[in-house]
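One structure is given here, and the rest of the page talks about it.
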Amino acid sequence: MKILIIGGGGREHALAWRLGQSSRVDRVFVAPGNAGTAVDAENVDIAMHDFPRLIRFAKENQIGLTVVGPEAPLAAGIVDAFANENLRIFGPTRGAAQLEASKIFCKNLLRQADVPTADYQVFRDAESASRFIMDRFPSETEEVPVVVKADGLAAGKGVMGCSRRADALAAIRRVATDREFGEAGAQMVIEERLDGEEVSVMAITDGQTIMTLPPAQDHKPAFDGDQGPNTGGMGAYSPTPLVQDATLALIEERILVPTVHIMKRSRHAFRGVLYAGIIMTHQGPKVLEFNVRFGDPECQPLLMRLQSDLLDCLEATIDGKLHEIPPAQWDPRPAISVVMASAGYPGDYERGKPIRGLEDAAALPDVKVFHSGTAISNGQVVSNGGRVLTVTALGNSISAAKLQAYRAVKCIRWDGAWCRKDISDKALRHL
Ligand code: AMP
Ligand code: GLY
């Protein structure tokens, strides 16, 4: 079978690499891909939003399965567009992708299904939102534990945690008055700020059966010790000792099952990867958000450990036959992924820096270097994004996996390269 993967980051490189190992897969194409997918698969120079050209490519090349990496094409209806042409594609429909594309859709659904999540209110303009804050928190100096969120997709930037009234009012202004996040800010959610450690629990579901994947932890803040601005994720590891089997069962029962059921009842049956961003509060796990695709970088350590044929899982999902396949097999060893980033990220950064040492890193045992933002320029691999590489390793323990991943990181150099040095250290608190 020939496979087409949509996207060009570390997650898509990992998907291409893993699917390429299936005995039933002949060729893997990635649109648009990066310098890593150019080696492990074949790149196709078509943009993710160009559905007509992607559909034409899928038809002309007899693509048997298309797999969508990022949320933007899902929210724009790529699955509906392919399905209309009788092309097989893995991912939720546009209606089901609202779970990520609209925070209001998500929160209302969670409330309806009685899934634990932060209390919230919805606002359509700056005046009513500001009035709510002023009424609720009359003193300028008191603690204001709220989070202001633009409703729509804002590349992870539309979420602002607050601790003072002035922060909340400024956040409201950014969303509703300055329209910093464009249309995504046409509506907003103000919710209570929760305290606790975060965990990413992903499940593959065909709308009926749920295959929960081992829990992972991301590292969103840019700097060591969870300091600095938020990023797309500076590293991840799986499994995490923070979520043992009993907690995972509770998350399935209280969060995943009711969500999948209510999606079905509301005629948006969810097929694809349901990613619950969960915070472990004193009252138990609560949902911070849902994503409708694999997490990046969480996907990389997960796929490093997956021993079953990923193609079987994806096809069973599309066919509504997930209940027929055996449970996925995982390498018992933990995996960690360290993101190497460009100088300046998550702010402005330069591209085009030649990257050296990739072969030395690749030669280390139990290591795989997934490319995130890379390109080929004059025959050389160069940086082409903020997050550039996701260096991934397996080990007999989390510390052994960490050691091996950073050994690989040390092999790789480019002008301005940096990474967090403490990926997976959070796990040590729970061991
Ligand atoms: P979201 O896109 O809604 O997951 O928000 C992005 C990040 O903001 C989360 O990963 C959390 O770190 C933080 N966050 C979002 N909502 C809350 C909340 N209610 N309480 C505390 N932190 C939050
Ligand atoms: N790593 C967080 C995300 O993929 O949204």
Side-chain angles (χ1 to χ4, degrees), residues 7 9-12 14-15 68-72 74-75 97 99-107 110 115-121 143-163 167-168 171 175 181 184 188-202 213 215-222 226-238 240 273-283 285-303 337-339 341 346 370 372 386-387 390 420 423 426:
R11 164 183 51 207
E12 290 77 26
L15 285 165
V68 189
E71 64 277 12
L74 292 168
L99 203 51
E100 176 168 0
S102 165
K103 298 208 184 282
I104 297 173
F105 177 92
C106 175
K107 296 293 290 193
L110 293 177
V115 170
T117 189
D119 278 340
Y120 70 102
Q121 298 250 30
E143 175 75 11
V144 177
V146 302
V147 181
V148 176
K149 302 182 172 185
D151 174 52
L153 291 180
K157 298 199 177 84
V159 174
M160 287 148 286
C162 309
S163 30
D167 305 335
V175 174
F181 313 103
M188 74 186 111
V189 172
I190 300 184
E191 64 180 39
E192 62 171 325
R193 202 183 68 217
L194 301 174
D195 262 336
E197 260 199 82
E198 290 180 39
V199 57
S200 310
V201 177
M202 280 165 261
L213 312 182
Q217 243 187 330
D218 190 7
H219 297 63
K220 282 199 176 125
D226 281 345
Q227 301 299 304
N230 257 344
T231 68
M234 294 302 296
Y237 71 99
S238 178
T240 166
V273 176
L274 182 63
Y275 165 141
I278 286 172
I279 186 159
M280 305 299 290
T281 73
H282 290 307
Q283 290 111 38
K286 294 191 179 187
V287 175
L288 286 176
E289 63 165 344
F290 272 115
N291 294 322
V292 299
R293 33 101 194 148
F294 282 109
D296 188 343
E298 294 96 319
C299 181
Q300 290 85 311
L302 276 174
L303 291 188
S337 289
V338 177
V339 170
F370 296 114
S372 299
R387 295 192 292 176
T390 328
R420 272 182 68 158
I423 301 304
K426 303 191 215 204

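The first residue of the sequence shown is numbered 1, and numbering continues consecutively from there. Just so you know, these numbers come straight off a predicted model, no measurement behind them. Order of listing sets the numbers, starting from 1, for every ligand and every atom in it.
The shortest distance between side-chain heavy atoms of K220 and E198 falls below 4.5 Å. Proximity of R387 to P346: side-chain heavy atoms (C-beta onward) are nowhere separated by under 4.5 Å. Side-chain contact between T117 and K107 is present, with heavy atoms from C-beta onward closer than 4.5 Å. Residues Q217 and E197 meet the side-chain proximity criterion, which asks for heavy atoms closer than 4.5 Å. Residues L153 and E71 form a side-chain contact, since some pair of their non-hydrogen atoms from C-beta on lies under 4.5 Å apart.
Heavy atoms of R11 come nearer than 4.0 angstrom to ligand 2 in no pair at all. Contact annotation: G295 has at least one heavy atom less than 4.0 Å from an atom of ligand 2. At a 4.0 Å cut-off, not a single heavy atom of S200 sits close enough to ligand 2 to count as contact. The shell of residues lying under 4.0 angstrom from ligand 2, judged by heavy atoms, includes P297.
Considering both main-chain and side-chain atoms, K220 never comes within under 3.5 Å of ligand 2 through any nitrogen or oxygen pair. For ligand 1, the polar-atom distance check finds no N/O of R193 at less than 3.5 Å from any of the ligand's N/O atoms.
For K103, every heavy-atom contact with ligand 1 shorter than 4.0 Å involves the side chain, none the backbone. Residue L288 touches ligand 1 through backbone and side chain together, judged by heavy-atom distances below 4.0 Å. Under 4.0 angstrom from ligand 1, the non-hydrogen atoms of E191 all belong to its side chain. Using a 4.0 Å cut-off between heavy atoms, R293 contacts ligand 2 through its side chain alone, with no backbone atom that close.
The closest protein non-hydrogen atom to atom 20 (N) of ligand 1 is L194 N, 2.8 Å. Protein heavy atom in closest approach to atom 9 (C) of ligand 1: E198 OE1, 3.6 Å.
Looking at R193 and D119, no side-chain N of the basic residue comes within less than 4.0 Å of a carboxylate O on the acidic one, giving no salt bridge.
Numbered from 1 in the order shown, with element, the atoms of ligand 2 that lie under 4.0 Å from a heavy atom of D218 read 1 (N), 2 (C).
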